Each structure stands twice: as C-alpha cells, then as structure tokens.
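Below is one structure, written out as structure tokens; the observations come after it.
None of the values given here were measured: they were computed from a predicted structure. Letters A, B, ... mirror the listed sequences (proteins, then strands); counts begin at 1.
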Amino acid sequence: MPGHRLECMCSPYLRLPAAAFCATMIFPRGGTMARTTVKTIFADCEQLLNRELEVRGWIRTQRESKNFAFIELNDGSCFKNLQVVYDDTLADFAAVARYPLGTSLQVTGRLVPSPAAGQPFELKAAAIEAIGLSALDYPLQKKRHSFEFLRTIPHLRPRTNTFMAVFRVRSLVAFALHKFFHENGFVYVHTPIITGSDCEGAGQMFRVTTLDPVHPPLDSQGGADFSQDFFGRETNLTVSGQLNVEGFCLAFGRVYTFGPTFRAENSNTQRHASEFWMIEPEIAFADLGDNMRLAEDMLKTVIAFVLEQAPQEMEFFNRFIDTGLLERLQRVRDASFEHVTYTRAIELLQKADMKFNFPPAWGKDLQTEHERYLSERVFRKPVFVTDYPKEIKAFYMRLNDDGRTVAAMDLLVPDVGEIVGGSQREERHDVLRGRIAEMGLKEEDYGWYLNLRRFGGAPHAGFGLGFERAVMYLTGMENIRDVIPYPRTPKSAEF
RNA sequence: UCCUCAGUAGCUCAAUCGGCAGAGCGGAUGGCUGUUAACCAUUAGGUUGGGGGUUCAAGUCCCUCCUGAGGAGCCA
C-alpha cells in the first residue's frame, strides 16, 4: 500500500532547518540559498539561467515516464506554473513521481532552457522534498471542474487557475480603489459594523444580540427586552456606512468607507450575497454631476490599473471565462459613460421594439429587464440613469426643483446590472424633515443626521459601489459566489 | 419568498416505453527516454440526495423534505 510509504515521508517538514524558514520566506538575504519565487524566476529568467535555485510550492499536475517526470509547480507568487523536470538519477525518483497533486514541495535545482515547446525554461531538479504530502483523495483533478463543485471546497479552490486569478484580481481591485481615493485626497473612514440604528431603510438586517435566544428577558409588551441587551438597545449589522460617513464628509470634505455590509434578504441570485463589501465615497461642496464624474473616474482608473497589473490573469479571463472581456474593458476605460434621465429612459423603453414582462411606466422602478435593455441594447456601455421619482428613492436624496424627482443616479453596466447607486444628499434641513415625515419615518431616529444640516451643512453627494459587482465586471465571472473567498448566501454559511 | 430545472462512482455525465446501473477523467497496478488536462494496457470503485407511496418490477411514475442552479422580486 503506497499510502504507508507516503505517510512516512511527511516528516521532512521537521527536517528543514529553522533558519531556512526565517531567512527565506519573506526576506531572502544574499549568501545563503533562499527561496526564489516563480514570479521572480519569470521576471529575471535571464540572470537566473543556469543558477542553482530553491523553490517551494504546490504540485498542480505531474506527468511521469519511466525514467523522467515533470511537475507543474505553483507557489502562488504569480499566475504561471514553473515546470520542474527530474529523472531517475534522483534517489527517490519513484516516490516523488507518486506524490499526489496538491503536495507542497521544496525543490532545489538548476534553471535551464527547456528543450521542448511550451515553456522557455524549466527547473532541473537536484533534490525534491515533500513539505506536506497531499492525501490521495485531494479533490482537485487534472481536469476542468464545475464552479458549482468548487463552491463546495472554497478552501481549496484558490489552487485552481480561475480562482487564483479571481482572488488576485479582487485584491488588486481593492488596492486600486484605495490608491485612487488616496491620490485624490480622500480620507478613509471606518464606519461601524454594529449599528444601533434599526431604520437604515435598506431592507432586512441581521440582529446582533447576546440575549438568551430561548428565554430572553421580556418587556411589558411580551417581546424581547432589548434594554437588557449588551448595548442596552436593539442592534444590527450595518447595511450601509453612508449615514455615518456623512458626518466625516462634513469635516474632511472627501471621505470614503470600504468595508463589509450585511443584508438579511432572502435573495437567491447570481448578484446577491448576504455579506459583501461596499465602497462609499462622499464628497462635500459637490452636486450630482461631480458625483458621477467621481464614479466614472474611479471605475476607469481601477480598470486601467488591473489591466496593467494583472495581464496574465486578465488574458486568462478573456480566453476561458468571457471572450471579449479585454476589448470591452478597454473600450469602457477609453470612452465616456452615457447619461440619461429616468424620464427619458422610460420614453426609450416605451418606444422599444421589444416586449417587456413589466411595461415601463413613469413612477415605477426600472425592472432588471429594463436595465439590461438600456445598458446592453441601447447604449452598450455603462450608463448613468438620473433623476428618479422621489417616491421610489431614499428619503435623504436631494429633491429636485420640479418637486417630483430626486438627484439620484444609478450606474448600469452591461451583464452585471447596477454597480453603483448614489445621489446628491438633501442638505436643506426643512426639506429633509419634510421628506422624513412624508416617507413615514420617525424624526427622532434621525436627530443626529438632521443636525448635520443645522451645524454648517453643505451640498454633498456620494454613492455606493458594490465591490463584488465591480470584481465580476472586471473578471467576467457571472456568479457573485465565485468572487468571494467564502461566500455567505441564504442557507449557506459553511466554512 | 415565487417560478423553472436538476441531484446517478471522487469529478463530468449517459442509462430509449417502468425491465441486468454504464462511460470518460481521477485512483491503484504495469508499460513508455521530453511531457504540456501526456499516452497505452489492466483493475477497483454504487443504499441512483433523504423519507414515504404505486407496481410483479422504480434511477425512471406520485407525494414530501433537503440541497444546488437559472430566472423574478429586493438591491450593491
């Protein structure tokens, strides 16, 4: 039984000198043999050719013949694998050839030009040691897996091409956003994740409580007495940092939040998750036009950054996930976005040579089919829809002079849908009070928010960008569950 | 939450009218001196998502529950 033999080999991990770990993992120093990353090898292959190197990574795939074999080694430093070649001059040739996929290895050898097509160079191994053997039931095989199956092993899927690319791009998108805001003078504000406001108006919230779920203390009405709860009141996970960040906007002028957001809605779609990340910039002394320019600049900058920083990953998406992705992104990066008012959009929809399940009508919200028609058929690029009827938008959006619409904007992009939603905020104290009353909300819940309009208020505007939707748009991935490391959706929070 | 579809070997999928549950890949074993999801041969591997029902006989038909996917709503 080969399993026995393999298990005995697990110990090389312990044989590694401790100094090798410290010296090589992150801060390689000259003089001693240090771990070289695959990224470095590809970047500096000319200098490294015919040099002795040490690499550590995981077996992606292995091919063996009688007297020689190949390993595709990936160490996570870049998208590409390093081809390792070894032959039966290696003492434990037969054993190494049986290392299961997923095994982590330390390989030392010489970087040589590859005699065969497919890779310019390869590592001719002088020694191969298993750091951590993989078991024989490693679920990832030398074949294509369905995304659906890979969702059942989220802890292993970053070892696949697609997910390694997705999550590197996700990281880059996050960095690009911070970089964009930082370079434009924005202050990054951490708004609370636990909120005492139970009336943010953005749908169902997750309750945060330490009360006994079976026998909570009861109030006079017979309901749970939240005055005895941890915070002395009812608390929930945030659905948006916007209201909180507005206070900081009216101090710093330009601010943004970037953090997790929670919605307890029973949404079962490709574009919804219960836990997702949102970016919410807020700018003072600004109107809706400034707001839209900011959103457009931001998206274009992020697109340009990712195309530049992750060319291999983007090429991979373009080939295997969404042909036409690169062309589309380049076009969006270089062209200006469209603008259309809600009123005009309704007219366009009513004139459309297409039958909608929901007939478009002024005063009704745009349906998904309407948004798709506008972004994919009429404009074929990102389009801002502005100035919605006040009845279908939030209370804090600034009332336009017509008294019927508010200064709101949604940015619709082909295939992904609404990616940005924002507005100019109502800065007039009396108008805001009126809107709160009109929408049936309780003024006492918004006292501090109203006060921002009493203490040196200013016109200001902001928007929310669904971070995962941006990642989807940039990668061509169609399901939000495949751009979140451990996605949380209704009936699904394993891992 | 509603509508539709699906669940068969570790994975991807077949199985005609209700009539012996199969293939490829992966695994194991053997072969092969430059592979590229290597290739060739042999072989093991199944409570057909759970429960109930109809029938001589159920992967297949009915009921129910669970899970997943797509669409809708809600939204980012």
Task: Side-chain (A:Tyr342) to main-chain (A:Gly363) donor-acceptor, under 3.5 angstrom - done: yes
Open item on the list: In this structure, how many angstroms lie between the P atom of B:rA37 and the CZ atom of A:Phe70, rounded?
Closed with: 13 Å
Open item on the list: Applying salt bridge (Lys or Arg N to Asp or Glu O under 4.0 Å), can you list everything that pairs with A:Arg372, at least two apart in sequence or on another chain?
Closed with: A:Glu376
Task: Parallel, tilted or perpendicular: rings of A:Phe70 and A:Phe68 (30°, 60°) - done: perpendicular
- [ ] Under 3.5 Å for both distances, Watson-Crick or G-U wobble, that's the pair rule; now give the dot-bracket for RNA chain B, with | marking pairs to another strand and [ ] for crossing ones.
- [x] (((((((..((((.....[..)))).(((((.......))))).....(((((..]....))))))))))))....
Task: Closest to side chain of A:Lys66, choosing from B:rU33, B:rG34, B:rG70 - done: B:rU33
Task: Spacing of the C1' atoms in B:rG73 and B:rC13 (rounded, Å) - done: 34 Å
Task: Touch class at under 4.0 angstrom, heavy-atom based, for A:Phe276 against every strand present - done: base
N/O-N/O pairs, protein side and nucleotides 2-4 of chain B side, under 3.5 Å:
none

Task: side-chain contact (heavy atoms from CB on, under 4.5 Å), paired with A:His339, selected from A:Met292, A:Arg344, A:Met409 - done: A:Met292
Open item on the list: Looking only at side-chain N and O atoms, does A:Thr341 offer a donor or acceptor that is under 3.5 Å from a partner on A:Asp387?
Closed with: no
Open item on the list: Say we look at B:rG59 and B:rG7: how far apart would their P atoms be, to the nearest angstrom?
Closed with: 14 Å
Open item on the list: When you measure from the side-chain N and O atoms of A:Gln141 to the phosphate of B:rG27, is any distance below 4.0 Å, counting only OP1 and OP2?
Closed with: no
If you restrict it to nitrogen or oxygen atoms, what contacts under 3.5 Å exist between nucleotides 39-43 of chain B and the protein, and what is each distance?
none

Distances for protein N/O vs nucleotides 12-15 of chain B N/O pairs under 3.5 angstrom?
residue: B:rU12; atom: OP1; partner: A:Ser146; partner atom: OG; Å: 2.7
residue: B:rU12; atom: O4'; partner: A:Lys143; partner atom: NZ; Å: 3.3

TODO: Provide, to the nearest angstrom, the distance between the NZ atom belonging to A:Lys491 and the P atom belonging to B:rA69.
DONE: 13 Å
- [ ] Would you mind classifying the nucleic acid contact of A:Arg481 as base, sugar-phosphate or nothing, using non-hydrogen atoms under 4.0 angstrom?
- [x] sugar-phosphate
Find every protein N or O atom lying less than 3.5 Å from an N or O atom of nucleotides 6-8 of chain B, and list the pairs.
none

Open item on the list: Between A:Arg170 and A:Glu468, does the side-chain contact (heavy atoms from CB on, under 4.5 Å) criterion hold? Intermediate values first, please.
Closed with: CA-CA 8 Å; A:Arg170 181 180 167 115; A:Glu468 282 79 7; 3.1 Å; yes
Task: Whether A:Phe175 and A:Phe305 hold their rings parallel, tilted or perpendicular, with breakpoints at 30° and 60° - done: tilted
